[in-house]
Each structure stands twice: as C-alpha cells, then as structure tokens.
Amino acid sequence: MLTLGIDTSNYATSLAVFDTDTASVVYDVKRFLPVKEGQLGLRQSDAVFHHTLALPALLEELNAVCSISLAGSIGVSAKPRPAQGSYMPCFLAGLSAAKAISLSLKAPLVETTHQQGHIAAALYACGKPTLFHSETLIFHISGGTTELLRCCGSEIMEKAGGSTDLYAGQAVDRIGVKLGFPFPAGSYMSDLAARCDKSLTPKTSVRGCECSFSGLENQCNQLIEKNYPFETIARYCLDCIAQTVVEMLSNARKKYPGLPAVCAGGVMSSEVIREYVQKNMEDVYFVPGRFSSDNAIGVAVLAAGGGYIG
C-alpha cells in the first residue's frame, strides 16, 4: 500500500509517498517558505498564504511521478505537538488539502503532529524497525523545539527535559542571519563551521536535563563584536549545542539507563554536531538531513499504521 504524507510547517511545504510493501520512500518533495533577507521567519498569515500557493504545484509534481490516486491512506501534520492546546495556523493549509484528498479518494485520513512526524522520520532512517516498538530517548532540536523525550515509537511517553528559554535552532538562525546568511541558516552555519580548524572551548548552561541557550546567543554576539572569524563563531555555536546534547543525554541516561538515543530535527542534521556527539557518546543515532529537517516522510510512515509500524 502507498501512503501520502503532507506537512506544512513554519519552514517548509513538503509531501512524501511511502510504500508499506517495500518499507521505502517512493518520492518526497519539499519547498522552503520564502523569507526576506535579514528576517527571522514569517508571520503565520504569510506562511499560510505561501503553503496555499505551493501545495498545488508540489502535488502536481508528485503526481507526475507517483499517482496520488494510488494512495491507500493520507497522513497530515494537523498541529505542532501532541499536546492539548497545541496550535499553529500554518498546519491548517496541509490539513485542508489532506481532508480534500482523503474524501475524493475515500482513503482513511490519519491526523498526526509535526513533532511525531520528525520522530517517525528519524526512527525510520535509523534502519531499525524495532525502534518503533521500544522505548527510546528522542532529542528533538529544531527552530521551534528543543525537547528531550522518552518515547515508545513515535508516541511521547514523557518530556524528560528541554530548553528553558531560547530553542537551539533559534540561536543558530539568529546568529546565522547576523553573519549574513538567509533564514533558516542552519545548513550555512554547519558548512561554515566545518571550515574552522581551531575551535573554542564551548561554555554550556545545563542543569540536569534542562538547558538554556540565551547565553549562547550573547556569547556569539560578543565574538562578532570582537571580530572573530565567522567560521570560528559558527563552530563555537554548534559546538556549544553539541556539548549541551552530550551533557543532557548523559544526565538522562542516569534516570533511563540502557535506552538508545535518536537525534531528530533540523539542527541535528549538522555533521559538525553529529561528529562531536558521537565522538563523546555511544549508542546515539543521527540521520541524514533529508530525514532530520522539516519533511513529510515521517507523516507518510505514520499514515501506514499497521502496514509498517503496527
């Protein structure tokens, strides 16, 4: 069976088709929302507008490769998180499209969340289907989330920790835009940081399984004022996030011994962060950017239900 996934986040419009028979992604396509130079995102009304413009063209593109009429189930991110009161207007664009397709095809509609889509995409990309049936520590770090979660598959059992102020992705984007990069700035920051051959010792703010990133933004601003090389600033920013991940996961494993850890979210697609964390920790899974940054792959996987993860 083929399943269609739709995700309309505050960063990108994305579609994916998943084949439950082969447990493979047949096709996926994504278009980032346009953000003006120097700005740090879009108003929700603008995000909804751009999703509404992008969805028909992306659906046509997908349909030319894999007929939408073959979809036996439709999945969609209906809200940001699986929590009461979680809401963001940009997801209404995807939800409306998914409901229309579901009704026209008489195919079941599976409403999930953006966060669970991230989790499912990361678990799928690990190549270990057993993770969908076992407890795992999921570290979800993106522009809108910094949360350490205890999960069973894509179901969140407990929030183990997270940021008390600024999200890691917000810090990366704010610093990256100040360095002249477009929003979102994560991939540019990672490429720049990889060119740094002499890094600074990271200073973190971690207490148990909670952290703070407002200090990181201030520290990087000071480095900018002192005219440090841009690659040094980018490397320092990502090293601080990586060291924070190491400390928080180490503390979490004292409470949840033996659990594997999977890193999800756009920030975790950085090779710089991956190399740092895996150098200092064992049994931590990172996945390629295709499955880490905002995408509809996990949503399509979740739409498969018993066909893949039941």
Worksheet item: Is the Tyr11 ring parallel, tilted or perpendicular to the Phe183 ring (thresholds 30°, 60°)?
Response: parallel
Item to complete: Tell me yes or no: between the side chains of Asn295 and His118, is some donor less than 3.5 Å from an acceptor?
Response: no
Side chain of [X], backbone of [Y]: donor and acceptor closer than 3.5 Å?
{"X": "Ser102", "Y": "Ala98", "answer": "no"}
{"X": "Thr136", "Y": "Ile138", "answer": "no"}
{"X": "Thr8", "Y": "Cys90", "answer": "yes"}
{"X": "Ser269", "Y": "Gly266", "answer": "yes"}
{"X": "Ser67", "Y": "Asn63", "answer": "no"}
{"X": "Thr232", "Y": "Tyr228", "answer": "no"}
{"X": "Ser270", "Y": "Val272", "answer": "yes"}
{"X": "Ser190", "Y": "Ser187", "answer": "no"}
{"X": "Thr145", "Y": "Ile141", "answer": "no"}
{"X": "Glu37", "Y": "Pro182", "answer": "no"}

Discussion item. Apply side chain to side chain donor-acceptor pair (under 3.5 Å) to residues Glu158 and Tyr256 and explain how you reach the verdict.
Written reply: CA-CA 12 Å; Glu158 178 186 3; Tyr256 312 106; 2.9 Å; yes
Worksheet entry | Distance flag, aromatic centroids of Phe132 and Tyr124, threshold under 6.0 Å |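 No, they do not, as the ring centres are separated by 6.0 Å or more.
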Worksheet item: Charged N to carboxylate O under 4.0 angstrom, Glu147 versus Arg81?
Response: yes
Fill in: Charged N-O contact under 4.0 Å between Asp294 and Lys30
no
Is it true that [X] and [Y] fall in one hydrophobic cluster, defined by side-chain heavy atoms closer than 4.5 Å?
{"X": "Phe230", "Y": "Val172", "answer": "yes"}
{"X": "Leu4", "Y": "Leu109", "answer": "yes"}
{"X": "Val299", "Y": "Val262", "answer": "no"}

Do [X] and [Y] make a side-chain contact, defined as non-hydrogen atoms from C-beta onward lying under 4.5 Å apart?
{"X": "Glu135", "Y": "Met157", "result": "yes"}
{"X": "Arg274", "Y": "Met268", "result": "no"}
{"X": "Cys66", "Y": "Leu2", "result": "yes"}
{"X": "Arg253", "Y": "Met281", "result": "yes"}

Discussion item. For Pro82, give me all partners under side-chain contact (heavy atoms from CB on, under 4.5 Å), at least two apart in sequence or on another chain.
Written reply: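 Expected list: Thr113, Gln115, Gln116, Ile156.
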Got a list of side-chain donor-acceptor pairs under 3.5 Å for residues 201-223, not counting sequence neighbours?
{"residue": "Thr204", "atom": "OG1", "partner": "Glu247", "partner atom": "OE1", "Å": "3.2"}
{"residue": "Thr204", "atom": "OG1", "partner": "Glu247", "partner atom": "OE2", "Å": "3.0"}
{"residue": "Ser212", "atom": "OG", "partner": "Asp165", "partner atom": "OD1", "Å": "3.4"}
{"residue": "Ser212", "atom": "OG", "partner": "Asp165", "partner atom": "OD2", "Å": "2.4"}
{"residue": "Ser212", "atom": "OG", "partner": "Ser214", "partner atom": "OG", "Å": "3.3"}
{"residue": "Ser214", "atom": "OG", "partner": "Asp165", "partner atom": "OD2", "Å": "3.1"}
{"residue": "Glu217", "atom": "OE1", "partner": "Arg174", "partner atom": "NH1", "Å": "3.2"}
{"residue": "Asn218", "atom": "ND2", "partner": "Ser214", "partner atom": "O", "Å": "3.4"}
{"residue": "Gln219", "atom": "OE1", "partner": "Tyr236", "partner atom": "OH", "Å": "2.5"}
{"residue": "Asn221", "atom": "OD1", "partner": "Lys178", "partner atom": "NZ", "Å": "2.9"}
{"residue": "Asn221", "atom": "ND2", "partner": "Glu217", "partner atom": "O", "Å": "3.3"}

Worksheet item: Tyr188: what forms a ring pair (Phe, Tyr, Trp, His ring centres under 6.0 Å) with it, not counting sequence neighbours?
Response: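 For Tyr188 the ring pair (Phe, Tyr, Trp, His ring centres under 6.0 Å) partners, ignoring immediate neighbours, are Phe181.
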Worksheet item: How long is the span from the CD1 atom in Ile233 to the CG atom in Leu238, to the nearest 0.5 Å?
Response: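 Rounded to the nearest 0.5 Å, the CD1-CG separation comes to 12.0 Å.
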Discussion item. Between Asn10 and Gln44, is the side chain to side chain donor-acceptor pair (under 3.5 Å) condition met? List the steps.
Written reply: CA-CA 8 Å; Asn10 212 30; Gln44 280 294 296; 2.7 Å; yes
